[in-house]
Number of protein chains: 2
Amino acid sequence: MSESAIRRLSLYLRALEEMGDDGEEIVSSRLLAERVGTTGPQVRKDLSLFGSFGTRGLGYAVRPLRVRLRDILGLSRRWSVALVGAGRIGAALVAYPSFRERGFEIVTILDNDPEKIGTRWNGIAIGPVERMEEAFRRNPAEVAILAVPAEAAQDAADALVRVGVRGIMNLAPVRLRVPEGVAVKHVDMAVELESLSFALRHLVR
Amino acid sequence: MSESAIRRLSLYLRALEEMGDDGEEIVSSRLLAERVGTTGPQVRKDLSLFGSFGTRGLGYAVRPLRVRLRDILGLSRRWSVALVGAGRIGAALVAYPSFRERGFEIVTILDNDPEKIGTRWNGIAIGPVERMEEAFRRNPAEVAILAVPAEAAQDAADALVRVGVRGIMNLAPVRLRVPEGVAVKHVDMAVELESLSFALRHLVR
DNA sequence: CTTCTCTTGTGAATGATTTCACAAGGATTC
DNA sequence: GAATCCTTGTGAAATCATTCACAAGAGAAG
Ligand SMILES: NC(=O)c1ccc[n+]([C@@H]2O[C@H](COP(=O)([O-])OP(=O)(O)OC[C@H]3O[C@@H](n4cnc5c(N)ncnc54)[C@H](O)[C@@H]3O)[C@@H](O)[C@H]2O)c1
Ligand SMILES: NC(=O)c1ccc[n+]([C@@H]2O[C@H](COP(=O)([O-])OP(=O)(O)OC[C@H]3O[C@@H](n4cnc5c(N)ncnc54)[C@H](O)[C@@H]3O)[C@@H](O)[C@H]2O)c1
């Protein structure tokens, strides 16, 4: 059950959610594949990892598959999220409504800048990062978004693990070391840009 | 020459840049691997795709390898970048100094909100997206960052391709269709969060 | 100059992921 | 209710990526 299969499930779910509103009842693996940029067999393989949800000769019923995928991905519950680092990227994330709509609710915001501490973002008071434990007692979170400067990221991650966070989405350009059982996803825009640069290096100018 | 190999090169380069400042002269594949979270053999395989830069028995000289990696990744030149979508995420990106430091310079910002058009961000006047062609004549860009709402993303991408952009980093949660020869990298935080959710689904509460 | 140490560079082996091909089997038609 | 159509579900094959093992070879030491 590869990482990439899981990411595709997430894309299938998104496609299904967009479809549902168009009133489609049934979708074939071929059509779903086209929506997310893969192939029919790939879709079927991915889904078959978790059971068989289609009807032969017909396809997949949109709504039930959607429910099933949400379930598989662990999205049939809500996740509480702590944001550490109330900077520019943090501000964009807090103001972004889609995460909440998809079940990820930012319940805690922490920073170490005295100027920021106490101000409210989206109804949430920014707390001092030194008092993480206290903040988590009030508003526990299973997941954290880490948006502090690179130098501060490892310490912040350690603290997050200490207060019980089991998953971190890291935006800082550093590889985090975390104990077994803690999941980290790294969003690294510099790497994305550099792999664009690699792709273009001979094509342009 | 896989996508993932290229991404690792980018991480090796970052590690080397951090090291150089520490005054390390030589680094072994083992050490470099540790820094980026992979293995020695993997580092050597990745590098050997492009030549042999090390000395047996010793390791890799930091500075020359850095230069070589920059070259391989197409980073020994500067890239001009257009930002389309001057929203919250766009604001964070424009204010973020690291991209420029690593050779990616935002030279054009476009939006379709009359309120925003004409205001200056970081010294750059936000232009109307309808006049993309004109904006590109003044400030051409090879690369674009796309940070518009999902519904607008495909149209914006089409327009970017028309004015000659060859690489797009897309932040909107949609799969873009682009012609052959145009590279797209998709930064999809919702997918990241959902794959965290998958990893935690049975571990938490 | 020879030996010893150490780490690279790389073919071969292993492992993972994707693609393929097709039997299985519901739905629809006549 | 039989025949036809169509798309799923899935082993097997092919491709792709990583790991391994070790010969090659540079430098240090004696
Ligand atoms: N802004 C972007 O577009 C962008 C893009 C890619 C990656 N990133 C990365 O995301 C991270 C945040 O970037 P940003 O642009 O929002 O930076 P920023 O400087 O605007 O924000 C960082 C915030 O973290 C806070 N902070 C610093 N040390 C802290 C600590 N120890 N504990 C808690 N809070 C702390 C600061 O007070 C500040 O509010 C950085 O690692 C950056 O490299 C940012
Ligand atoms: N904010 C986040 O944290 C976040 C996280 C993940 C993904 N995203 C994605 O990034 C994109 C931008 O998000 P945001 O939060 O900055 O949204 P936003 O609404 O703050 O900004 C979008 C900007 O695009 C402009 N725009 C709209 N249509 C346009 C068009 N046709 N041409 C040019 N400009 C146009 C708007 O005027 C606005 O300034 C969205 O697709 C969003 O889903 C955002």
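So you know, we letter chains A, B, ... as the sequences are listed, proteins then strands, and number each from 1. As the structure is a prediction and not an experimental result, all values here were calculated from the model.
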Below 4.0 angstrom from OP1 or OP2 of C:dG9, is there any side-chain N or O of B:Y60?
yes
Take atom CD of B:E133 as the centre, draw a 6.0 Å sphere, and report whether it contains more than 12 heavy atoms from other residues, nucleotides or ligands.
no
Listed nucleotide nearest any side-chain atom of A:Q42, set C:dT8, C:dT10, C:dT19
C:dT19
Closest heavy-atom contact between B:V165 and B:A141?
CG2-O, 3.8 Å
Using only modelled atom types and a 3.5 angstrom limit, is any donor from either the side chain of A:K45 or the base of C:dT19 paired with an acceptor on the other?
yes
Between D:dT8, C:dT18, D:dG27, which nucleotide gets closest to the side-chain atoms of B:L58?
D:dG27
To the nearest Å, how far apart are B:F50 CZ and C:dT10 P?
14 Å
Whole angstrom value for the distance that separates C1' of D:dC5 from CZ of A:R56
15 Å
side-chain N/O B:T39 vs D:dT19 OP1/OP2, d < 4.0 Å
yes
Taken to the nearest whole Å, CZ/B:R68 to C1'/C:dG9 is 15 Å
Which nucleotide in D:dT8, D:dA26, C:dG9 has an atom nearest any side-chain atom of B:S52:
C:dG9
Separation of atom CZ in B:F53 from atom C1' in C:dT8, rounded to whole Å:
13 Å
With side-chain contact (heavy atoms from CB on, under 4.5 Å) as the test, pick out the partner of B:V81 among B:L93, B:V107, B:T108, B:I106.
B:I106
Can you tell me if the side-chain N/O atoms of B:R8 get under 4.0 Å from OP1 or OP2 in D:dT18?
yes
Among C:dA23, C:dG9, D:dA17, which nucleotide has an atom closest to any side-chain atom of B:S2?
D:dA17
Sidechain-backbone polar pair: B:S28 side chain, B:G59 backbone, donor-acceptor under 3.5 Å
no
B:L49 CG to D:dA17 P, straight-line distance once rounded to whole Å:
10 Å
So which nucleotide from D:dT8, C:dG9, D:dC20 ends up closest to the side chain of A:S29?
D:dT8
Quick one: on DNA chain C, does A:T55 or A:S4 contact a more 5' nucleotide (nearest heavy atom)?
A:S4
Is A:V36 close to A:Q42 at the side-chain level, that is, under 4.5 Å between some pair of heavy atoms?
no
Starting at atom CD1 of B:I6, determine the distance to atom P of D:dA17, rounded to an integer number of angstrom.
11 Å
Send over the distance from B:L31 CG to C:dC6 P, rounded to a whole Å.
16 Å
Nearest-Å distance, CZ (B:R7) to C1' (D:dC16)?
17 Å
Closer than 4.0 Å, any side-chain N/O of B:R44 to the OP1 or OP2 of C:dT8?
yes
